[in-house]
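The shown structure was predicted, so the numbers you read here are calculated from the model rather than taken from an experiment.
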Amino acid sequence: MSLSLYRMHRIYLAATMNYGLGSNDPEELAYYNKIRKEMDDMKKEPYKRGIPLNWNNLEEIHK
């Protein structure tokens, strides 16, 4: 059975706010762990936190 969008959103909120899931459903646990792993990977790589902005590149784009 596929997760509904509502349930995926609830799991996403729990994972991003560092709450426990409170479910033993393997599909929900897999989705929760996937989100937590992606968040941990983003913390390790500083360039994935935001959009790097270089003013020189902006001037080249507008030429």
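- Cluster annotation: Ile35 is connected to Leu29 through the hydrophobic network of ILVMFWY side chains, with a link wherever side-chain heavy atoms come within less than 4.5 Å.
- The CG atom of Asp25 sits 7.5 Å away from atom CD1 of Ile11, with the distance rounded to the nearest 0.5 Å.
- Scored by the salt bridge (Lys or Arg N to Asp or Glu O under 4.0 Å) test, Arg7 finds Glu28 as partners (sequence neighbours excluded).
- Partners of Asp40 under the side-chain hydrogen bond (donor to acceptor under 3.5 Å, both in side chains) rule, at least two apart in sequence or in another chain, do not exist in this structure.
- For CZ of Arg36, the number of neighbouring non-hydrogen atoms (other residues, nucleotides, ligands) closer than 6.0 Å is greater than 12.
- Cluster annotation: Met8 and Leu13 are assigned to distinct hydrophobic clusters (Ile/Leu/Val/Met/Phe/Trp/Tyr, side-chain heavy-atom contacts under 4.5 Å, transitive).
- For the side-chain hydrogen bond (donor to acceptor under 3.5 Å, both in side chains) test, no residue two or more places apart in sequence or in another chain qualifies with Lys34.
- A continuous path of hydrophobic side-chain contacts links Tyr12 to Leu3 [ILVMFWY only; heavy atoms under 4.5 Å].
- Tyr31 and Tyr19 are members of different hydrophobic clusters when ILVMFWY side chains are connected at heavy-atom separations under 4.5 Å.
- Between Leu5 and His9, every side-chain heavy-atom pair lies at or beyond the 4.5 Å cut-off.
- When all heavy atoms of Gly20 and Ala14 are compared, the closest pair comes out as O-CB, 4.2 Å.
- The side-chain heavy atoms of Tyr6 and Arg10, taken from C-beta on, include a pair separated by under 4.5 Å.
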